[in-house]
Amino acid sequence: MDAILTQSLHIWTPLIYVILFVGLLIEGESILFAAFFLVNQQELQLAYTIVVAIAGVLTGDLLWYYGGKLLMRVPFVQRLSERMPKTIDHFIRRKPILSIVGSKFLYGMHRPTLLRLHAARINVRTFLRADIPGTIIWIAVIGIAGYLFSQSADLLDGKMKYWQLGMVGGLVIFTVLTHFVSKLVVKRISVRKK
């Protein structure tokens, strides 16, 4: 197979799991999408990928949850937090579980929501009760998208270089669409509250 991105990748497999874990602490969709893409290419094992993904996402979410109290003292984060519409704060207090699960699917809203949870006095038990199933659902949705995208590679056998460029293009399109959908949802929430 003439591949640019996956050539001799199996040598680096343990490092890829570490990168997956650390990457999910920082960024989510694209790292997870790429991991499940590699699962379908048989570069990573499904069970290990799922365990590392769940551990990485939950660890990252807990760090952001507890870091919210400390980060709210930083002027830049305070300004960023103040830009969130008051309707979102109200929604977090009224429906914390829906806020936590829903924010995972709204591009750019999950980290600010996690920062606000501690300020909204959402306890860790309520947070984990929402975050664990939300994480599993989110990983399943993004993982299936990455896996199915990789499945289409069989149709392009012999044109792997072009297919991998298409993967990068698909990832960019997916990220842009997620961004615009989340902006639209936030706008509708703000309009309904007024």
Side-chain angles (χ1 to χ4, degrees), residues 1-67 97 100-111 113-114 117 124-179 182:
M1 186 183 301
D2 189 20
I4 297 170
L5 300 175
T6 57
Q7 216 168 28
S8 303
L9 197 58
H10 62 280
I11 297 170
W12 300 100
T13 300
L15 180 61
I16 293 171
Y17 289 117
V18 171
I19 291 170
L20 173 62
F21 180 83
V22 173
L24 287 170
L25 296 175
I26 302 165
E27 186 359 69
E29 289 90 357
S30 57
I31 300 292
L32 192 60
F33 187 91
F36 278 89
F37 175 89
L38 292 173
V39 165
N40 189 49
Q41 296 297 306
Q42 297 176 349
E43 298 292 341
L44 299 177
Q45 292 183 5
L46 179 62
Y48 292 153
T49 302
I50 290 171
V51 169
V52 171
I54 289 171
V57 172
L58 289 177
T59 302
D61 287 355
L62 280 168
L63 288 173
W64 281 96
Y65 173 81
Y66 284 115
I97 293 173
I100 295 165
V101 174
S103 71
K104 286 187 174 293
F105 293 95
L106 296 174
Y107 186 81
M109 288 301 299
H110 189 57
R111 301 294 192 243
T113 300
L114 293 176
L117 289 176
V124 73
R125 188 175 202 184
T126 302
F127 167 68
L128 288 174
R129 197 171 38 151
D131 199 47
I132 291 171
T135 294
I136 292 168
I137 293 167
W138 181 77
I139 288 173
V141 169
I142 303 298
I144 288 169
Y147 191 88
L148 291 177
F149 188 80
S150 181
Q151 278 292 105
S152 66
D154 295 336
L155 300 173
L156 299 172
D157 194 28
K159 298 180 178 162
M160 189 57 78
K161 289 179 185 176
Y162 302 112
W163 178 75
Q164 289 177 350
L165 293 174
M167 179 196 78
V168 172
L171 187 59
V172 168
I173 290 169
F174 177 77
T175 303
V176 168
L177 284 174
T178 306
H179 174 72
S182 66

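The basis for the numbers below is simple: all heavy atoms, side chains too, and nothing from hydrogens, waters or symmetry mates.
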Check: Arg129 and Thr126 side chains under 4.5 Å, non-hydrogen atoms: yes
**Prompt:** Is any side-chain heavy atom of Phe36 less than 4.5 Å from a side-chain heavy atom of Ile139?
**Reply:** yes
Are the side chain of Tyr65 and the backbone N or O of Leu117 linked by a donor-acceptor pair below 3.5 Å?
-> no
Backbone N/O of Phe37 and side chain of Ser150: donor-acceptor pair under 3.5 Å: yes
What's the verdict on side chain to side chain contact (heavy atoms under 4.5 Å, CB included) for Leu114 and Leu63, showing C-alpha distance, side-chain angles and the deciding distance?
CA-CA 9 Å; Leu114 293 176; Leu63 288 173; over 6 Å; no
Residues 51-61 vs side-chain hydrogen bond (donor to acceptor under 3.5 Å, both in side chains), sequence neighbours excluded, gives Asp61-Lys104, Asp61-His110
Nearest-0.5 Å distance that lies between atom [atom1] in [X] and atom [atom2] in [Y]:
X      : Y      : atom1 : atom2 : value
Trp138 : Leu32  : CH2   : CG    : 5.0 Å
Ile132 : Phe127 : CD1   : CZ    : 9.0 Å
Tyr17  : Leu44  : OH    : CG    : 4.5 Å
Ile26  : Ile31  : CD1   : CD1   : 8.0 Å

Partner of Thr135 under side chain to side chain contact (heavy atoms under 4.5 Å, CB included), picked from Leu128, Leu24, Val101, Leu58, is Leu58
Item to complete: Can you establish whether the number of heavy atoms outside Tyr48 located under 6.0 Å from its atom OH is more than 12?
Response: no
Worksheet entry | More than 12 heavy atoms from other groups under 6.0 Å of CD on Gln42 | no
When every non-hydrogen atom of Thr49 is compared with those of Ala35, the smallest separation belongs to CG2-CB, 4.0 Å
| request: Taking the six-membered ring for Trp and the full ring for Phe, Tyr or His, determine whether the centres of Phe149 and Phe33 are under 6.0 Å apart. | output: yes
